[in-house]
Amino acid sequence: MQTIVTHYENANFLRELAENLPRILPQGNPAQAALLQRLADQELAQAQHDDWVRTKVTSARSDTRPTIPQSEVASRLSARYARLSNASL
């Protein structure tokens with residue numbers, strides 16, 4: 001959970017820095033603020049992805065359906081592949 005908080009904190013920090021950059025560095029150039037905004041967007045995207053992955057993992061762990069042996073999964077996938085390969089011919 002700490003990782004997600006850190007990504008959100010980083011994104012907020014970078015956005016605030018980009019907004020205040022003209023005041024902090026009056027001689028700075030707009031490309032610096034744009035870079036900070038882009039970095040903030042990347043941090044936010046990473047945080048959202050982490051949220052999504054954690055939700056999926058939590059959902060998978062709480063799934064109460066019976067497990068399927070690997071051999072059965074392999075057999076089903078082979079049959080499906082064969083069926084799809086034959087359909088495309």
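The residues of the chain are indexed from 1 along the displayed sequence.
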Spatial distance of atom [atom1] ([X]) from atom [atom2] ([Y]) [nearest 0.5 Å]:
{"X": "R54", "Y": "H49", "atom1": "CZ", "atom2": "NE2", "value": "10.5 Å"}
{"X": "S85", "Y": "R80", "atom1": "OG", "atom2": "CZ", "value": "11.5 Å"}
{"X": "N12", "Y": "E9", "atom1": "CG", "atom2": "CD", "value": "8.0 Å"}

- Across all chains, not counting sequence neighbours, the side chain to side chain contact (heavy atoms under 4.5 Å, CB included) partners of P69 are S71, E72
- Message: Could you check whether Y8 and D50, counting side-chain N and O atoms only, form a donor-acceptor pair closer than 3.5 Å?
- Response: no
- Taking atom types as modelled, find out whether Q37 and D41 have a side-chain donor-acceptor pair closer than 3.5 angstrom. no
Considering residues at least two apart in sequence or located in another chain, which fulfil the side-chain hydrogen bond (donor to acceptor under 3.5 Å, both in side chains) criterion with [X]?
{"X": "R38", "value": "none"}
{"X": "N20", "value": "none"}
{"X": "R61", "value": "none"}
{"X": "N29", "value": "none"}

- Item | Members sharing L25's hydrophobic cluster (side chains within less than 4.5 Å) | F13, L14, L17, L21, I24, L35, L36, L39
- Task: Specify the closest pair of heavy atoms between A18 and A33, including all atoms of both residues, with the distance to one decimal.
- Result: CB-O, 3.8 Å
- Query: Could you go step by step and tell me if Q46 and N10 meet the side chain to side chain contact (heavy atoms under 4.5 Å, CB included) rule?
  - Reply: CA-CA 11 Å; Q46 184 63 48; N10 287 348; over 6 Å; no
- According to a 4.5 Å side-chain heavy-atom criterion applied to Ile, Leu, Val, Met, Phe, Trp and Tyr, with indirect links allowed, do L77 and L84 form part of one hydrophobic cluster? no
